[in-house]
Amino acid sequence: MLNNIKPKTGRLLISEPFMADPNFKRSVVLLTEHGEDGTVGYILNQVGNLILNDVIQDLWNAQNYIYFGGPVAADTLHFIHRSYDKLQSGEDIGNGLYWGGNFETLKILINNNAINADEIKFFMGYSGWDKGQLDREIEQNAWMVSDKFNPDLIFSNDDEKLWRDVIVNLGPKYAHISNFPADPSLN
């Protein structure tokens, strides 16, 4: 295995540099649920072409980009935030981060400019793994797991830099991976 950290809610999955699956190429996934029945997470570094008010018309102040959260249920909207004090809802996933919450309250906060873009991230779809599937992929070196990261990274808008920063944060043993070319034939 590339590293020995086990997946857990609130941890990051980092794709190996040459992952063939286009859904997860150079991706960083925040795990929001991990248990006996499987795993759920959101790709943090694949920004889409839509902004929130393209999808929900009554959010006139919503200029937040919507990210591709993963290939499962691609027509559903989800969010991660660090504004429990404002929303008073969401599932605690650790490190001051929350998954979901009361969407009606969120709409009011957005329309009143009471929540900042760097406090929330929206996703269409999610990433999911059946029981044991993620563990098998980790054993096959498709993923590395990180348990130490600055939560500010979650709200980064620099997709390629996010992947690199998370790898470098794993320590000197892994830092060289961040310099691998996206296409190994160009090396």
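All heavy atoms count here, side chains included; hydrogens, waters and symmetry mates do not.
- A pairwise comparison of heavy atoms in I93 and T32 identifies CG2-O, 3.7 Å as the closest pair.
- Contact between S156 and D158 at its shortest, heavy atoms only, is OG-N, 3.2 Å.
- Heavy atoms only, all atoms of each residue included: W143 and E137 are closest at NE1-OE1, 2.8 Å.
- Considering only heavy atoms from C-beta on, F155 comes within 4.5 Å of L97 through its side chain.
- R11 places no side-chain N or O within 3.5 Å of a backbone atom of P7 that could act as its donor or acceptor partner.
- In the model, T9 has no side-chain atom that pairs as donor or acceptor with a side-chain atom of H34 under 3.5 Å.
- Both V166 and F18 sit in one connected hydrophobic cluster of ILVMFWY residues. Membership requires side-chain heavy atoms under 4.5 Å apart, directly or through other members.
- Under a hydrophobic-cluster definition in which Ile, Leu, Val, Met, Phe, Trp and Tyr are linked whenever side-chain heavy atoms come within less than 4.5 Å, directly or via other members, F122 and I108 are assigned to different clusters.
- Side-chain contact check for R164 versus K161: every heavy-atom pair is 4.5 Å or farther apart.
- Annotation for I43 and G70: closest pair CD1-CA, 4.0 Å, computed over non-hydrogen atoms.
- Cluster membership for Y65 and L106, using ILVMFWY side-chain heavy atoms within less than 4.5 angstrom, is not shared.
- Side-chain atoms of S89 and F103, non-hydrogen and from C-beta on, never get closer than 4.5 Å to each other.
- Using the six-membered ring where Trp is involved, Y42 and H78 have ring planes that are tilted, between 30° and 60° apart.
- Other residues, nucleotides and ligands place no more than 12 heavy atoms under 6.0 Å from the CG atom of D37.
- Formation of a donor-acceptor pair under 3.5 Å by the N141 side chain with backbone atoms of E16 is not found in this model.
- M124 places a side-chain heavy atom less than 4.5 Å from the side chain of L77.
- With S15 contributing its side chain and V28 its backbone, the two residues share no donor-acceptor pair below 3.5 Å.
- The minimum heavy-atom distance linking I80 with F123 is given by the pair CG1-CE1, 3.4 Å.
- Between atom CG of residue L52 and atom CD1 of residue I120 there is a gap of 8.0 Å, rounded to the nearest 0.5 Å.
- To the nearest 0.5 Å, atoms CH2 (W163) and NZ (K25) are separated by 10.5 Å.
- Annotation: the span from I138 atom CD1 to M144 atom CE amounts to 11.0 Å, rounded to 0.5 Å.
- K131 NZ to E36 CD: the interatomic distance, rounded to the nearest 0.5 Å, is 6.0 Å.
- For the pair K107 and D58, the salt-bridge criterion is met [side-chain N within less than 4.0 Å of a carboxylate O].
- Side chain of K121 to main chain of Y67: no donor-acceptor pair is present (N/O by atom type, distance under 3.5 Å, no hydrogens or angles).
- Summarising the geometry, atom CD1 belonging to I154 is positioned 10.0 Å from atom CG belonging to N45; distances are rounded to the nearest 0.5 Å.
- The salt bridge (charged side-chain N to carboxylate O under 4.0 Å, His left out) analysis of residues 84-102, with sequence neighbours excluded, yields the pairs K86-E119.
- Between D165 and F149 there is no side-chain heavy-atom pair separated by less than 4.5 Å.
- Judged by distance alone, the side chain of D159 and the main-chain N or O of V47 form a donor-acceptor pair under 3.5 Å.
- Contact annotation: the side chain of L30 approaches that of L12 to within less than 4.5 Å [non-hydrogen atoms, C-beta and beyond].
- With hydrogens and angles ignored, the 3.5 Å screen pairs no side-chain donor or acceptor of D135 with any backbone N or O of G132.
- Taking 4.5 Å as the limit, some side-chain heavy atom of L87 sits within range of a side-chain heavy atom of F79.
- Transitive grouping of hydrophobic side chains (ILVMFWY, heavy atoms separated by less than 4.5 Å) brings V72 and L44 into a common cluster.
- Side chains of R82 and D118 form a contact here, defined as non-hydrogen atoms less than 4.5 Å apart.
- V29 and I66 fall into different hydrophobic clusters, where Ile, Leu, Val, Met, Phe, Trp and Tyr residues are linked whenever their side-chain heavy atoms come under 4.5 Å apart, directly or through other members.
- Among all heavy-atom pairs drawn from N64 and A117, the shortest one is ND2-CA, 3.7 Å.
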Kindly determine whether W99 and V40 satisfy side chain to side chain contact (heavy atoms under 4.5 Å, CB included), including the steps that lead there. CA-CA 11 Å; W99 174 26; V40 173; 4.1 Å; yes
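- Summarising the geometry, atom CG belonging to L59 is positioned 11.0 Å from atom CG belonging to D54; distances are rounded to the nearest 0.5 Å.
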